[in-house]
Number of protein chains: 4
Amino acid sequence: MAHQLENGLERRTQILDAAVVCFAKRGFHQTSMHDISAEAGISVGLIYRYFQNKDAVISAMADRHKKQINEILGQARQASGLLESLEILFTAHCGENEPQVVSAFVVDLFAEASRNMRVAELVRDVCETTMNGVTDLIAQSPEAKATNLTPREMAELIFAVNDGTLMRDVLKIGPTSEERRAQQLKVARNLWRLLFKKQNEPAYA
Amino acid sequence: MAHQLENGLERRTQILDAAVVCFAKRGFHQTSMHDISAEAGISVGLIYRYFQNKDAVISAMADRHKKQINEILGQARQASGLLESLEILFTAHCGENEPQVVSAFVVDLFAEASRNMRVAELVRDVCETTMNGVTDLIAQSPEAKATNLTPREMAELIFAVNDGTLMRDVLKIGPTSEERRAQQLKVARNLWRLLFKKQNEPAYA
Amino acid sequence: MAHQLENGLERRTQILDAAVVCFAKRGFHQTSMHDISAEAGISVGLIYRYFQNKDAVISAMADRHKKQINEILGQARQASGLLESLEILFTAHCGENEPQVVSAFVVDLFAEASRNMRVAELVRDVCETTMNGVTDLIAQSPEAKATNLTPREMAELIFAVNDGTLMRDVLKIGPTSEERRAQQLKVARNLWRLLFKKQNEPAYA
Amino acid sequence: MAHQLENGLERRTQILDAAVVCFAKRGFHQTSMHDISAEAGISVGLIYRYFQNKDAVISAMADRHKKQINEILGQARQASGLLESLEILFTAHCGENEPQVVSAFVVDLFAEASRNMRVAELVRDVCETTMNGVTDLIAQSPEAKATNLTPREMAELIFAVNDGTLMRDVLKIGPTSEERRAQQLKVARNLWRLLFKKQNEPAYA
DNA sequence: AATGAATGAGGCTTCATTCAT
DNA sequence: CATGAATGAAGCCTCATTCAT
């Protein structure tokens, strides 16, 4: 029984892993169920044992995305300083080889959210949760500069920059992905520098 | 002949007007040619007289988007101050009744850019052109604060915020669209305030 | 415009003609849309211009069946005597070469009626209309024997026999279809003889 | 071994019991093997241990139907009079709570017979056996009126009415199933009255 | 120039059947 | 004996595209 549940979860994971590859490559609605099954190395029919239909796969992907983001938020909370937290959050979508979050997929997710209520709710929830989490981190941090901005407003700026960077990432501007990521991080850091002192920077400096 | 060209242009415009409505509502790939023809009040076949195929319609949309953004950039350049310029650029996607730029469409456009080279090139071009334009505006402006940031870096931050805001806009968070727009503008202004002095603010203050 | 309507009707008729052949041969649910299109000599997609889906084809078939039966009832009403009327009604489903009503199709129609409300209503309506029609014919006819049966009861018996004969017809019992039909007619006539005098038979005989 | 055969028979019965429920509800070809397994409370695979394939289930159902009808014919033969015999036969398909014969299933069976030789033979056999049985009963009965009809012809009429009634039964005309059954029985009795004297009715009356 | 009927490939989904456990 | 995961063929339906009128 436990074995079956395990198997069920593994299959779902296997399918979602295949799906995210396809979705990132071709988008939700240009990806056929056959594409997913081929990528997963299973038959089409098997997908339907684990997901009611294609929409359910999309919703499950959105759901998994939410969980991944929440995990990353958890990691960010445990970082030793605000800037490190922000870096963890920011870097989520540009991890070395296999980014935990694939920009093309996320942009598609937002596009889908504008038409698919189920997805919209999930994405909204992600946004609110992370926004609140970061607002708290900022509020508890001694590093805020005197900018006349509330922690909430700072968080809003930070996420606007993160999301904008993510959105532009799909354009693949820049020679290599490494350079692109470095460039993106520099932009974000420029904002952080406007908002926060370095952790080890003395307050009076 | 001139008349026919006129007609041709009008037809193309009519079709693209219909297409953007459909694309924003349903996305590129869930919009059928029939949807567009119905929205335009013409027959399906007629679309093929003015566009080679559906992809050509999408490309033409991207092209038109590029022109619209360039127009807005032109307006921004003629504004009397940097902040006004930025506001013109920012407000492009949340004009009162009929926004010149519809967020759901733009997010779809970016999603499409990640798969469609022709679209990717157009969008990249838009980004570079506007980025350069704004960098110039900043460089020529006396309003920059001493932030250790180059005009380019400031422009990067500004566009990251603009795009991030656009992307989140599709989530329709906020009770009314007016309130949503007001909130979005506040976020952007918070960044501008970090970067620039008010136009009439004396330099020595 | 009239031409298009004509065409529309012709196409529908063409499709329904093909459908009834397939339905009689294989049954509603073993007939594929491809079967119908092949029989009609058109493409699958074209069927969907004239019918919303397969169920709509089935419903339309039921509807057409209803109209055909009503036509036959009309002919029966204009016959010169009760027995001739009954013969017209009875013979409807065993016309010489191309029976107006194909027994296998009708049995399927009844089977479908037990699961498909739309079809059930149509079939019920056919039954009631014809039953009422024959009841009237009997009531107005001088040929009824003194059997203590009301016209309605006679009609009920007559239709029970007609339908039972139709149902058994699908078993193809009997060497040739001609002999089968002759045999079926004999059974029906045996009932009629129990109920009615011959038209030219004097009442006192 | 005996135990296994027993088990085998029980399993087959269990499966056929489930199948007839599904078949009556949805028809042969809209019933999936999964439907049957779910109704029987067993796994899909198990059905294939007892039946070669779906067609074999259908054939077995037809076979069982034949046996049930033969049983009913046996009961009818042991009745004390012709009319009672006929009533037993007629009532078979409208037994109080769980009719021994479900009309929707039988109509489907006839529909199937028109395409499936194996089923057709079984149904033909049922028809002939019962027809012969009733012909004999009539021949041996003193209750026949002087109608100039042979026992065979009477049997034909009786079965035509029985089958016709069965076929119409699927339309569920009439408020309650009790009333419907009462009405159906009245129709059949009207025929019987035309053909036979009451059992205790003196011959000279 | 304009229509919309027609095509047919391709996508989503179901389901009979098999087979490893 | 029993399960149910797995397969893949086949069915329904949509839609980009063409073409006769």
Side-chain angles (χ1 to χ4, degrees), chain A residues 1 3-4 7-8 10-11 29-38 40-57, chain B residues 3-4 7-8 10-11 29-38 40-58, chain C residues 1 3-4 7-8 10-11 29-38 40-57, chain D residues 3-4 7-8 10-11 29-38 40-58:
Chain A
M1 226 175 319
H3 180 251
Q4 282 165 34
N7 261 338
E10 274 170 34
R11 274 279 186 235
H29 298 287
Q30 286 95 289
T31 295
S32 71
M33 293 304 268
H34 174 77
D35 289 337
I36 299 175
S37 75
I42 60 176
S43 69
V44 196
L46 193 52
I47 299 178
Y48 287 87
R49 178 168 287 277
Y50 297 95
F51 298 93
Q52 203 165 23
N53 51 33
K54 192 181 174 182
D55 255 30
V57 178
Chain B
H3 181 250
Q4 278 168 36
N7 263 339
E10 274 171 34
R11 277 283 187 227
H29 298 286
Q30 285 95 291
T31 295
S32 70
M33 294 301 267
H34 175 78
D35 288 338
I36 300 175
S37 77
I42 60 175
S43 68
V44 205
L46 194 51
I47 298 179
Y48 284 86
R49 179 167 291 277
Y50 296 96
F51 298 93
Q52 200 167 23
N53 53 32
K54 191 180 174 182
D55 257 28
V57 178
I58 296 177
Chain C
M1 225 176 318
H3 180 250
Q4 281 165 34
N7 262 338
E10 274 171 34
R11 274 279 186 237
H29 298 286
Q30 286 95 290
T31 295
S32 72
M33 293 305 267
H34 175 76
D35 290 336
I36 299 175
S37 76
I42 60 176
S43 69
V44 195
L46 193 53
I47 299 179
Y48 288 86
R49 178 169 288 276
Y50 297 96
F51 298 93
Q52 202 165 24
N53 52 34
K54 192 181 174 182
D55 255 30
V57 178
Chain D
H3 180 251
Q4 279 167 35
N7 263 339
E10 273 171 34
R11 277 281 188 229
H29 299 287
Q30 285 96 291
T31 295
S32 70
M33 294 303 266
H34 175 78
D35 288 337
I36 299 175
S37 78
I42 60 176
S43 68
V44 205
L46 195 51
I47 298 179
Y48 285 85
R49 179 167 291 277
Y50 296 96
F51 297 93
Q52 200 166 24
N53 53 32
K54 192 179 172 183
D55 257 29
V57 178
I58 295 177

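Of the residues near DNA chain F, C:Met33 and B:Gly45, the one whose nearest nucleotide (by heavy atom distance) lies more toward the 5' end is C:Met33. Checking A:Gln52 against C:Ile47, the closest nucleotide of DNA chain E that is more toward the 5' end is the one next to C:Ile47. Across the interface with DNA chain F, nearest-nucleotide mapping of D:Val44 and B:Asn53 shows D:Val44 to be the residue nearer the 5′ end.
When each of F:dA6, F:dG4, E:dT13 is scored by its nearest atom to the side-chain atoms of D:Ser43, the top-ranked nucleotide is F:dG4. The side chain of A:Ile42 sits closest to F:dT7 out of F:dG4, F:dT7, E:dA1. Closest to the D:Arg49 side chain, of the nucleotides E:dT17, F:dA5, F:dA2, is F:dA2. Side-chain proximity of D:Leu46 to E:dA6, F:dA2, F:dC13: nearest is F:dA2. When the nucleotides E:dT7, E:dA16, F:dT17 are ranked by their closest atom to the side chain of D:Ser32, E:dA16 comes out on top.
In this structure, C:Phe51 atom CZ and F:dT14 atom C1' are separated by 18 Å, rounded to whole Å. As a whole-Å value, the separation of B:His34 NE2 from E:dA5 P is 11 Å. Taking atom CD of residue A:Gln30 and atom P of nucleotide F:dA16, one finds them 12 Å apart after rounding to whole Å. The CD-C1' distance, from A:Glu10 to F:dA5, rounds to 14 Å in whole Å. When rounded to the nearest whole Å, the span between NE2 of C:His29 and P of E:dA16 equals 14 Å. Separating the NZ atom of A:Lys54 from the P atom of E:dT14 is a distance of 15 Å, rounded to the nearest angstrom. We find that CG of A:Asp55 is positioned 17 Å from P of E:dG11, with the value rounded to whole Å.
Applying the Watson-Crick and G-U wobble criteria (two distances, each under 3.5 Å), E:dA20 pairs with F:dT3. If you check E:dA1 for Watson-Crick or wobble pairing at under 3.5 angstrom, you find it has no partner at all.
Within 4.0 Å (heavy atoms only), C:Thr31 reaches sugar-phosphate atoms of the nucleic acid but no base atom.
Annotation: B:His29, atom NE2; neighbour count of heavy atoms from other residues, nucleotides and ligands within 6.0 Å is above 12.
Note that OH of A:Tyr48 is 10.0 Å distant from OG of A:Ser37, once rounded to the nearest 0.5 Å. For the atom pair CZ (A:Arg11) and CG (A:Leu46), the distance works out to 5.0 Å, reported to the nearest 0.5 Å.
Between A:Tyr50 and F:dA5 there is no side-chain N or O to OP1 or OP2 distance below 4.0 Å. Phosphate contact (OP1/OP2 of F:dA2, side-chain N/O of D:Tyr48, threshold under 4.0 Å): absent. Contact annotation: A:Arg11 reaches the phosphate of F:dA6 (side-chain N/O to OP1 or OP2, under 4.0 Å).
Looking at heavy atoms from C-beta onward, D:Phe51 lies out of side-chain contact with D:Asp55 at the 4.5 angstrom threshold.
A pairwise comparison of heavy atoms in C:Met33 and C:Asn53 identifies CE-C, 4.5 Å as the closest pair. Across every non-hydrogen atom of D:Thr31 and D:Lys54, the tightest pair is O-NZ, 2.6 Å.
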